[in-house]
Visitor: 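Handing you this structure, nothing more for now.
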Amino acid sequence: MSDRASVARSDEASDEALLDKVQRQTLRYFWEFAHPVSRLARERSNRAFGYGAETVTTGGSGFGVMALIVGVVRGWIGRAEAARHLDRLTAFLEAAERHHGVFPHFMNGETGATIPFMRRDDGGDLVETSFLIGGLLCARQFFDAATPEEQGVRDRIERISDTVDWAWHARGETDALFWHWSPNHGWAMNHRIRGWNECLITYVLAAGSRTHAIDPACYHQGWTQSPTFLNGRTLHDIVLPLGPPSGGPLFFTHYSFMGLDPRGLSDRYADYWRQNTAHALINHRHCLANPHGYEGYGPACWGLTASDSVKGYSAHSPDNDLGVITPTAALGSMPYTSEASLAALRFFDGAMGGRLWGEYGLHDAFSPQHGWIAESHLAIDQAPIVVMIENFRNGLIWDLFMTIPEVEAGLERLDFKRSSAISV
């Protein structure tokens with residue numbers, strides 16, 4: 001063997017070990033740190049913004065279910081243990097407070113009561129519910145054994161999913177789905193779900209529902225009719241098909257696409273592999289260009305997305321660059337920017353004197369410019385690290401998710417096309 005080949009194999013083995021390390025450590029958030037009563041994912045690991053250990057997150061829990069499947073396949077969690085975990089989780093959800101079948105953004109992990117997200121957002125959150133239902137349907141596909149426990153989990157997931165009244169959130173119209181409904185304030189939030197952002201999966205599941213499907217016109221007359229839907233600009237020599245001027249935070253490429261497989265996926269508006277790759281590359285190149293001159297930015301120190309920040313919480317992006325790097329941004333983009341994302345992982349491993357590592361993986365965010373490291377881990381940031389790295393490694397969740405009948409039906413009704421998958 002040549003010296004060069006030996007070094008290449010050694011580097012590959014080192015990268016594989018590091019991928020295992022970050023996935024396995026991050027998975028602990030959804031396994032060991034899950035709420036002891038509901039087994040749902042806590043919103044964050046620290047007390048902040050008035051939320052503490054009692055607060056569980058709907059969307060983060062759905063993402064966490066996908067992460068648990070990765071743990072089972074990797075052999076880090078026993079299948080029977082995971083099934084028991086989901087048995088408790090789904091039993092809790094079935095008894096929890098819902099609003100026309102739609103879950104709130106946050107719940108009390110012991111009682112299932114709604115915890116208001118903001119003053120008038122104290123009822124159903126359709127987007128967070130779609131993230132939860134996506135994760136549960138993925139589990140229904142995976143836990144397919146004939147055992148009473150796995151059968152019970154599947155039956156409960158179907159009842160929960162079929163109860164979600166997606167059509168209620170269309171308000172009898174075809175110009176969009178609405179994000180929120182409150183038993184106290186009705187439709188006062190009046191927030192139409194328009195693109196381009198993280199919400200594509202909401203329309204796919206709403207269109208594919210077995211019991212409360214929406215008219216596909218909601219997608220074509222609502223989701224796509226936004227000033228920030230079509231883009232077409234060239235940034236850093238890359239054409240960005242959809243989204244805000246500079247792409248927006250990188251969670252746009254993660255949340256819907258933890259399950260939806262963008263390889264070969266297109267509709268009349270975009271090719272979604274091209275969209276997500278362009279978005280991630282633009283984010284990387286912005287950090288390379290570093291127009292604000294922030295300390296630390298470079299080829300391996302990059303990634304802007306929503307996270308805790310030096311002052312509160314912020315949706316970091318090229319248009320809102322505060323000098324804060326969020327590890328999930330680069331790591332969750334690994335299918336699209338594998339070399340740059342692996343370089344970032346190697347950097348994060350030893351960055352800030354090795355202090356980025358915490359009990360549940362890498363801390364939520366850090367800033368060399370400000371000498372700051374977040375105290376927190378957040379469910380919605382931790383899960384994409386586990387799931388999207390696995391999609392990079394073998395397409396596990398993508399392959400599983402795209403077999404869900406409701407997803408297949410939703411994509412067909414919205415006139416999506418699937419061509420031969422792009423290998424990652």
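Keep in mind it's a predicted model, so treat the numbers as computed, not measured. When a residue number appears, it is its place in the shown sequence, counting from 1.
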Visitor: Just by modelled atom types, is the Asp399 backbone N or O under 3.5 Å from a matching donor or acceptor in the Asp261 side chain?
Guide: no

Visitor: For Phe366, run the ring pair (Phe, Tyr, Trp, His ring centres under 6.0 Å) check against Trp372, Phe348, Trp357 and tell me which one passes.
Guide: Phe348

Visitor: Not counting sequence neighbours, which residues clear side-chain hydrogen bond (donor to acceptor under 3.5 Å, both in side chains) with Asp237? List them please.
Guide: none

Visitor: For Gln151, does the CD atom have more than 12 heavy-atom neighbours from other residues, nucleotides or ligands under 6.0 Å away?
Guide: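 Buried by this count: over 12 neighbours within 6.0 Å.
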
Visitor: Looking only at side chains, do Tyr255 and Asn197 share a donor and an acceptor under 3.5 Å apart?
Guide: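 No, no side-chain donor-acceptor contact under 3.5 Å.
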
Visitor: For the residue pair His284 and Trp302, does the interplanar ring angle fall in the parallel (under 30°), tilted (30 to 60°) or perpendicular (over 60°) class?
Guide: perpendicular

Visitor: Not counting sequence neighbours, which residues clear side-chain hydrogen bond (donor to acceptor under 3.5 Å, both in side chains) with Thr147? List them please.
Guide: none

Visitor: Does the Trp398 side chain pair with the main chain of Phe257, one donor and one acceptor, at a distance under 3.5 Å?
Guide: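 Such a contact is found between Trp398 side chain and Phe257 backbone.
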
Visitor: Do Thr326 and Asp381 get their side chains close enough for a donor-acceptor pair, meaning under 3.5 Å?
Guide: no

Visitor: Using the benzene-type ring in the case of Trp, are the ring centres of Trp273 and Tyr336 under 6.0 Å apart?
Guide: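 For Trp273 and Tyr336, the ring centres are under 6.0 Å apart.
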
Visitor: Flag yes if more than 12 heavy atoms outside Glu339 fall under 6.0 Å of its CD atom; otherwise flag no.
Guide: no

Visitor: Using a 6.0 Å distance limit plus a 45 degree cone around the ring axis, check whether Arg42 lies over the aromatic ring of Phe33.
Guide: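 Yes, Arg42 lies over the aromatic ring of Phe33.
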
Visitor: So, His85 versus Trp31, ring centres under 6.0 angstrom or not?
Guide: yes

Visitor: Ring of Tyr219, cation from Arg413 - is the NZ or CZ under 6.0 Å from the centre and inside 45° of the axis?
Guide: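 No; the conditions do not both hold, so Arg413 does not lie above the ring face of Tyr219.
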
Visitor: Can you confirm whether Glu375 is buried at CD, in the sense that more than 12 heavy atoms of other residues, nucleotides or ligands lie under 6.0 Å from that atom?
Guide: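 Count not over threshold, so no.
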
Visitor: Would Trp187 and His169 count as a close aromatic pair, with their ring centres under 6.0 Å?
Guide: yes

Visitor: Ignoring hydrogens and angles, state whether a donor on the side chain of His105 or Asp125 is under 3.5 Å from an acceptor on the partner side chain.
Guide: yes

Visitor: Might you confirm whether atom CD of Glu94 has over 12 heavy atoms from other residues, nucleotides or ligands at distances under 6.0 Å?
Guide: yes

Visitor: Hydrogens and angles aside, do Thr305 and His254 bring a side-chain donor and acceptor to less than 3.5 Å of each other?
Guide: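 Short answer, no.
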
Visitor: For residues Arg194 and Ser226, is any side-chain donor paired with an opposing acceptor at under 3.5 Å?
Guide: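 On atom types as modelled, these side chains do not qualify, holding no pair under 3.5 Å.
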
Visitor: For Glu43 and Thr55, test the side chains for any donor-to-acceptor distance below 3.5 angstrom and give the result as yes or no.
Guide: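 On atom types as modelled, these side chains do not qualify, holding no pair under 3.5 Å.
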
Visitor: Do Tyr297 and Asp321 get their side chains close enough for a donor-acceptor pair, meaning under 3.5 Å?
Guide: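 Per modelled atom types, Tyr297 and Asp321 side chains form a pair under 3.5 Å.
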
Visitor: In chain order, what residues pass the salt bridge (charged side-chain N to carboxylate O under 4.0 Å, His left out) check against Asp215, with sequence neighbours excluded?
Guide: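 Expected list: none.
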
Visitor: Verify whether one side chain among His220 and Tyr269 offers a donor that lies under 3.5 Å from an acceptor in the other.
Guide: yes

Visitor: Verify whether the ring centers belonging to Phe30 and Phe63 lie closer than 6.0 Å.
Guide: no

